[in-house]
Amino acid sequence: VNPAETVRRLAEEVPDVVRLAEEVSLAVQVDPALLRRARLDLVPCASAGTEADLWFSPLVRSRSPAGFVLMPELAAELRRRLARDPVRLAAARARVERAHAHLAPALHLEEELLWLSVRPDAGTHSEIEGRLQTAIAALVRDGRDGIAHWAARALPALPTEVQSLEFARILDAGARLRLEGAGSALAALAEDPTTRSAGWMVPNDFPTTIVRVRLREDGIELAARDDAPGHAIQVPSTDPLLIEVHWRDVAEDAAEASGRRTLREAALASFPASTWIPITRGGVARIAGPVFRGVRVRTISGHTYEVHQLVVLRGADQLDASIPTPRPADPESLFLEHLDWINRVAAMTSKTSGISGAEAEDFAAFIRMKIIEDDYAIIRNHRGESKLRTYLATVVQRQFQDYLHEKRGRWRPSAAARRLGPPAPDLEALVYRDGLRLDQAGEKLRTSGRTTLSDRELGRVLKELPAREPMRPKEIPPENALDDREAGEQADDWITTAEAEARAEKRKDALERAMARLAPEDRTILRMHFADGRSLAHVARALQLEQKPLYRRVNRLRTQLRTYLEEEGISGFTIQDMGEEGN
Amino acid sequence: MSMQVRLADLIRAVGHLRPADDASRDEIVDFLRGPPTVHAGPKAPEIHEVEVNEHAWVGAASSGPQTPQAELAGDELHTTLRALGAPPRRLPNWLYLAPPLPMEEDALPQTLPVPLLNPALARAVLSGALATTAHDGELWVEETVRRIATGLPVTEVPRRPRPTLRRGVQVLVDRGAAMLPFHEDIDSLLAQVSSVFGAPLVRVLQFDRSPLRGAGKGARRTWTAYERQLPEPGTVVVAVTDLGIGNPPGVLGASPSEWLDFAALVQRHGCPLRALVPYPEARWPAGLRESLRILPWDRGTGVQRVKRTLASERHPVEGGAV
């Protein structure tokens with residue numbers, strides 16, 4: 001649908017609504033204060049109902065108690081209509097600036113860009129570039145990662161003429177690199193002669209992965225997998241991975257002077273869109289061509305390596321030896337080697353999701369069990385696309401969702417939350433699913449860049465949502481029940497002390513009965529480890545058992561105990577319970 | 001043709017010729033390789049991206065993988081890797097010159113919308129709109145004379161009617177989606193009502209679209225039937241609502257008949273009912289104007305408008321005992 005035609009038709013039906021929309025079209029989000037001011041100043045004959053008509057008109061993309069956001073393409077058309085009258089445009093800009101003095105600086109900048117994009121004055125272009133440079137500086141020079149979230153949301157909604165600017169493309173590439181690890185936008189920039197050295201956009205602490213480079217008689221192979229033969233080089237972990245390949249021992253200018261084409265130029269013939277060779281994770285890029293005596297490869301962060309033929313004479317055995325292919329290590333050894341790391345990632349994942357204490361410990365046990373399951377299938381499935389540590393961290397984070405689903409059931413946002421749009425679904429999940437207080441949920445949403453609303457505004461959003469209960473009862477250890485009950489404003493919703501005590505007693509009795517069903521040695525292991533807090537190494541020494549199998553055995557016992565307890569009607573068994581029982 | 005140099009040949013040649021530098025050694029290697037197969041003109045290399053299979057690397061070190069066309073066929077060369085490092089991360093000059101983005105903590109508090117009612121008139125408008133009539137004014141001599149003259153027994157002393165706020169007010173706030181644009185205004189209005197009546201005389205209940213669907217003070221899950229929350233007879237009930245006029249996408253507003261049922265319930269209970277509606281009169285549902293005293297909640301509403309609206313409201317005649 002043509003936006004100009006849509007707005008024109010709407011203006012015929014409801015002229016006051018469209019006029020009001022034009023007046024506020026320079027705002028990123030139209031809040032009630034701005035809308036009221038615009039109506040009273042410019043459309044005084046219109047009633048308060050006109051404001052509501054605009055809220056619910058097809059011009060609006062999303063709405064919440066804090067305000068609404070216009071459809072980007074229709075907002076652009078509204079701004080064009082507003083700009084026909086420079087006096088009106090200037091007044092509207094001044095009004096938005098006054099009403100939005102409280103907004104975050106990035107949103108201010110976005111509103112400036114919207115205004116500049118329709119301002120007819122000379123010099124606007126360079127002003128727009130200046131604003132974009134400020135945003136890039138905040139992201140790259142000042143390391144303000146929140147700008148990446150802002151840019152990812154704001155750039156697609158900016159006018160096309162702004163989006164197509166070189167600095168907008170740089171900002172987009174920097175943001176996507178930080179948020180998604182996406183390398184394609186960066187590669188496109190590196191291709192452009194004006195922005196060729198795009199490596200400065202890669203943060204110093206950007207994660208890396210290994211690419212193996214292998215020189216063959218008839219080409220080069222670049223393999224993004226650990227178990228491939230060849231020289232390992234560290235490459236920024238973009239998606240896809242990017243490597244620039246040159247002929248060996250000649251700098252690009254020297255090659256041009258001698259009339260030889262660089263491989264980069266040659267590659268351009270095959271990859272017109274990019275001189276950077278993209279390598280998918282776990283994939284192999286093979287470059288067939290003339291005999292390469294050596295090549296120079298460069299990563300997107302500017303690290304350069306030379307791979308050249310070995311011509312220095314050495315012992316025959318060394319020359320004949322092929323490059324060894326690393327043998328995969330025993331998965332159990334890898335598990336034990338990485339156990340500390342797994343525990344740390346599990347603890348960190350729990351902490352960032354607001355889970356602590358017994359539940360966090362429960363999750364750690366859950367993830368250890370998952371990794372051990374099916375003869376360490378998770379470790380065996382590691383295909384070498386990344387370091388094992390990175391892979392395990394991803395596994396832990398993904399399994400966390402499964403853990404939550406298993407424990408609390410799947411969560412779907414309510415119809416009201418979906419209707420209100422962001423951040424209502426996230427807020428609803430944090431408050432009603434995860435049991436966070438409003439201020440905790442607000443902090444979490446703001447920190448992750450999912451909202452800019454204050455707690456007060458989020459409170460209003462929350463009021464709009466129907467109250468929900470977790471799909472399965474939230475487990476509250478007895479010793480925490482009192483604290484939780486007293487802590488928040490929902491104190492009357494928490495269980496009473498008497499109920500908590502009765503439940504604790506019931507759990508303790510059930511645990512005793514369940515423990516009695518285990519073999520004596522198993523009971524001893526569990527008591528030593530959980531109730532007495534002894535390490536498994538200590539338990540192994542004390543009981544003269546092998547340490548390695550003990551991990552699996554303990555996890556098996558936990559599962560068995562959990563089954564027994566569930567037969568007793570006790571769900572959500574945690575290590576904490578066992579500790580209490582032991583005491 | 002294989003391009004590998006046979007080791008024995010190389011050892012023999014180097015031992016015999018004893019080259020003095022790397023360049024000479026390279027020459028020897030090139031000679032032993034035979035005529036180069038490199039094409040005279042630049043040959044565009046082909047770059048293949050191939051799927052990886054489990055055995056892609058089996059035997060790759062010496063003879064090359066046995067895979068289809070995309071696979072390279074030549075032998076692997078013995079190579080060394082030399083890291084040349086990275087140039088220091090230099091930002092472009094313009095990035096140093098770009099003005100910094102202000103930090104967020106410098107931001108100011110958010111402004112509230114200008115109130116819907118004219119602030120200069122709000123107190124008078126609300127006092128007039130939410131007052132009830134009490135017959136406890138000065139002695140009403142004319143009424144007394146009229147009764148005596150018509151031979152009616154004077155069992156009580158008629159007193160002049162006067163507006164009063166002493167019975168308090170029950171404010172019913174519509175929290176439905178259609179009232180989303182007025183959330184801030186509702187908060188301001190409640191504060192104004194409290195300042196007019198005094199907080200103890202104001203009871204606020206919330207509802208969604210129609211009070212008959214349930215109302216309550218706190219979260220929605222605690223709302224109950226409105227019938228059980230009716231105020232004392234004589235207390236003014238004021239609904240702050242759109243009367244189903246607003247049209248949020250995907251939400252069906254309350255019908256006029258729901259509001260008629262509600263008005264009948266409240267009036268049967270002996271409570272005067274008013275509605276503050278943020279839409280102009282032309283858009284009010286026609287059938288409701290007789291049953292509800294509706295006031296536009298907007299700038300143009302003044303004291304005269306309130307008086308006109310409430311003029312037709314009937315009040316029970318009260319009087320003090322003789």
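A, B, ... follow the sequence lines: proteins, then strands. Residue 1 opens every chain.
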Review point. Which bit of B:Asp208 is near chain A, if near means a heavy-atom gap under 4.5 Å: side chain, backbone, both or neither?
Key: neither
Practice item. Among the options B:Gly176, B:Pro99, B:Ala219, pick out the one with the most heavy-atom pairs lying under 4.5 Å from chain A. Key: B:Pro99
Check your understanding: What's the shortest heavy-atom distance between A:Arg144 and B:Pro102, and which atoms?
Key -> NH2-O, 3.1 Å
Check your understanding: Would the number of heavy atoms belonging to other residues, nucleotides or ligands and lying under 6.0 Å from CG of B:Leu252 be above 12?
Key -> no
Check your understanding: Just by modelled atom types, is the B:Leu95 backbone N or O under 3.5 Å from a matching donor or acceptor in the A:Arg141 side chain?
Key -> yes
Study note, to complete from the structure: Heaviest contributor of heavy-atom pairs below 4.5 Å to chain B, chosen from A:Arg36, A:Arg131, A:Glu51, is A:Arg36
Check your understanding: Relative to chain B, which segment of A:Ile147 carries a heavy atom at a distance below 4.5 Å: side chain, backbone, both, or neither?
Key -> side chain
Review point. Who passes side-chain contact (heavy atoms from CB on, under 4.5 Å) against B:Ala177, sequence neighbours left out?
Key: A:Arg419, B:Pro248, B:Val251
**Study point:** Separation between CZ of B:Arg175 and CD of A:Glu464, rounded to the nearest 0.5 Å
**Key:** 7.5 Å
Point to revise | Spacing of CZ belonging to A:Phe68 relative to CG belonging to B:Leu180, to within rounding of 0.5 Å | key: 10.5 Å
**Study point:** Region of A:Ala415 in contact with chain B, defined by heavy-atom distances below 4.5 Å
**Key:** neither
Check your understanding: Given a strict heavy-atom distance threshold of 4.5 Å, which part of A:Ser64 is in contact with chain B: side chain, backbone, both, or neither?
Key -> backbone
Exercise for review: Determine yes or no for a side-chain-to-main-chain donor-acceptor pair under 3.5 angstrom, with B:Asp298 supplying the side chain and A:Ala48 the backbone.
Suggested key: yes
Point to revise | Contacting region of A:Ala137 [heavy-atom separation from chain B under 4.5 Å] | key: both
Check your understanding: With sequence neighbours left out, what residues match B:Arg283 under side-chain contact (heavy atoms from CB on, under 4.5 Å)?
Key -> A:Asp53, B:Ile245, B:Tyr279, B:Pro280
Check your understanding: What part of B:Asn247 gets closer than 4.5 Å to chain A, counting heavy atoms only: side chain, backbone, both or neither?
Key -> backbone
Exercise for review: Counting only heavy atoms closer than 4.5 Å, note whether B:Asp187 contacts chain A via side chain, backbone, both or neither.
Suggested key: side chain
Check your understanding: Does the pair A:Arg460/B:Glu184 count as a salt bridge with the N-to-O cut at 4.0 Å?
Key -> yes
Check your understanding: chain B heavy atoms under 4.5 Å from A:Leu420: which part of the residue, side chain, backbone, both or neither?
Key -> side chain
Check your understanding: Side-chain contact, heavy-atom cut-off 4.5 Å: B:Trp94 with A:Ile136?
Key -> yes
Point to revise | Minimum heavy-atom distance B:Arg220-A:Leu465, with the two atoms named | key: CD-O, 4.2 Å
**Study point:** Verdict with reasoning, A:Ile233 to B:Leu81, per side-chain contact (heavy atoms from CB on, under 4.5 Å)
**Key:** CA-CA 9 Å; A:Ile233 60 171; B:Leu81 176 80; 4.0 Å; yes
Review point. Of the listed residues (B:Pro113, B:Pro181, B:Pro296), which shares the most heavy-atom pairs with chain A below a 4.5 Å separation?
Key: B:Pro181
Point to revise | Heavy-atom pair count under 4.5 Å with chain A, highest-scoring of B:Ala178, B:Gly218, B:Gly246 | key: B:Ala178
